[in-house]
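Throughout, residue positions are numbered sequentially from 1 according to the sequence presented. What you see below is based on every heavy atom in this structure, not just the backbone, and it leaves out hydrogens, waters and symmetry mates.
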Amino acid sequence: MLLDCADLSYTRGNGDQAFRVVIPALRLGTGEMLALTGESGCGKSTALELLGLVVRPFSAARFHFAINGAPRDIAALWRAGRHGDLARTRAAAIGFVLQTGGLLPYLSVAGNIGINRRLLRLPPRDAALDSMIDQLQLRDLLDKAPTQLSVGQYQRASIARALAHRPCLVLADEPTSALDPRLGDEVMDLFFQLVERLGTSVVLATHDLGRVRTHGLREVQAAPLAAGFGSAFAG
C-alpha cells in the first residue's frame with residue numbers, strides 16, 4: 001500500500017469564509033490510479049496539496065506514505081516540524097502535473113524536465129527518460145523556452161518533468177483543462193501509457209467524468225460536508 005490516510009483534513013480561510021476539505025479514508029496501492037471528481041471549487045486541488053505534502057493537515061488520524069516498501073508516518077513528521085524530511089520525501093517520491101503546467105520560464109524544456117533529477121543527484125538523462133521524451137514528441141523542443149511552446153507542447157513537457165525522476169506517486173490537477181477535447185484525449189492517453197509502463201500510482205483531479213470512465217479509473221467523489229462549509233472525498 002503506497003498511501004494510507006484516515007481523517008485527513010485542511011481548512012482554508014476563517015470564520016464564515018472557512019472552507020474545509022476532508023479525506024475520511026483513502027488507500028492507494030502501488031501502480032493504482034484513481035480520480036478525485038467534483039465540480040470546480042469543491043476542493044480537489046486542496047486534496048491534492050494534502051496528499052502531496054504541500055500543506056500541513058489540520059488533522060490526520062493516519063497518514064502513511066510507503067517509499068520502497070517502507071512506510072513513513074507523514075502526520076508525525078508534520079507534528080514534529082521536520083520540514084526537511086517532508087521536502088525530501090516530496091522531491092523524491094512525488095511528481096506534479098498542474099493545470100497551468102508550472103514550468104519555470106527561465107529554464108529550457110530540457111532544464112525543466114531535468115530539474116528534479118538534478119536536485120536528487122541523478123544522472124541528467126538515461127535510456128528510460130530518452131524514450132519518454134521521444135514518446136511525448138519533445139526531442140526537437142528541448143532547447144526551447146516554455147514561452148515558445150504551444151499549449152499542447154507545454155503540457156507534454158510538464159508531464160515529462162513530473163515523471164522524469166520516476167516518482168512512485170503522480171498528482172495531476174486538471175491536466176488537460178486548457179486543451180481542446182481532441183488534444184486533451186491525446187495528452188491523457190500518452191500520460192496513462194507512461195504511468196502504466198512505469199508502474200506509477202496516480203491521483204487525478206478532474207471534473208471530466210467521461211474521461212475517468214473511459215479509462216476505467218476508480219472514482220472518489222466530493223460530497224458536501226454534513227456540518228459546515230466544505231467537501232469530503234470518499235469512495
* To do: Would you name the heavy atoms of Leu48 and Ala172 that are closest together and state the gap between them?
  => CD1-O, 3.7 Å
* Should we say atom CZ of Arg27 is surrounded by more than 12 heavy atoms from elsewhere, each under 6.0 Å from it? -> no
* **Heavy-atom donor-acceptor pair, Glu49 side chain to Lys44 backbone, under 3.5 Å** => no
* Asked: Where is the tightest heavy-atom contact between Pro124 and Leu129, given as atom of each residue plus distance?
  -> O-CD2, 3.6 Å
* Backbone N/O of Ala127 and side chain of Ser131: donor-acceptor pair under 3.5 Å -> no
* Asked: Roughly how far, to the nearest 0.5 Å, is the CD atom of Gln153 from the CG atom of Leu103?
  -> 11.5 Å
* Structure fact -> Distance col, row Ser9:OG vs Ile23:CD1, nearest 0.5 angstrom, shows 9.0 Å
* Structure fact -> Heavy-atom nearest pair, Arg213 first then Glu219, reads NH2-OE1, 3.3 Å
* Answer yes when Arg62 and Asp4 have at least one side-chain N-carboxylate O distance shorter than 4.0 Å, and no when they do not. => yes
* Hey, does the side chain of Thr200 reach the backbone of Glu196 with a donor-acceptor pair shorter than 3.5 angstrom? -> no
* To do: Mind jotting down which residue pairs meet the ring pair (Phe, Tyr, Trp, His ring centres under 6.0 Å) criterion with at least one end in residues 42-78? Sequence neighbours excluded, please.
  => Trp78-His83
* Please report the shortest heavy-atom distance between Gly38 and Ala222, naming the atom on each side. => CA-CB, 4.4 Å
* Rounded distance [0.5 Å steps], CD1 in Ile113 versus CG in Leu138 -> 5.0 Å
* Asked: Would you say the side-chain atoms of Arg139 pair up with the backbone N or O of Asp134, donor to acceptor, closer than 3.5 Å?
  -> no
* Electrostatic pair Asp85-Arg88, nearest N-O below 4.0 angstrom -> yes
* Would you confirm whether Arg90, through its side chain, and Leu53, through its main-chain N or O, come within 3.5 Å as a donor-acceptor pair? => yes
* Asked: Does atom CG of Asn14 have more than 12 heavy-atom neighbours, drawn from other residues, nucleotides or ligands, at distances under 6.0 Å?
  -> no
* To do: Look up atom CD1 in Ile159 and atom CZ in Phe96, then write down how far apart they are to the nearest 0.5 Å.
  => 15.5 Å
* Structure fact -> Quick note, ring pair (Phe, Tyr, Trp, His ring centres under 6.0 Å) partners involving residues 118-138, not counting sequence neighbours, are none
* Structure fact -> Closest non-hydrogen contact found for Gly52 with Leu171 is CA-CD1, 3.3 Å
* Asked: Of all heavy-atom pairs between Phe19 and Ser231, which one has the smallest distance, and what is that distance?
  -> CZ-OG, 3.7 Å
* side chain to side chain donor-acceptor pair (under 3.5 Å): pairs with one or both residues in residues 159-174, sequence neighbours excluded -> Ser45-Asp173, Asp126-Arg166, Glu174-His207
* Backbone of Gly29 reached by a side-chain donor or acceptor of Ser201 within 3.5 Å -> yes
* **Under 3.5 Å donor-acceptor, Asn112 side chain and Leu107 backbone** => yes
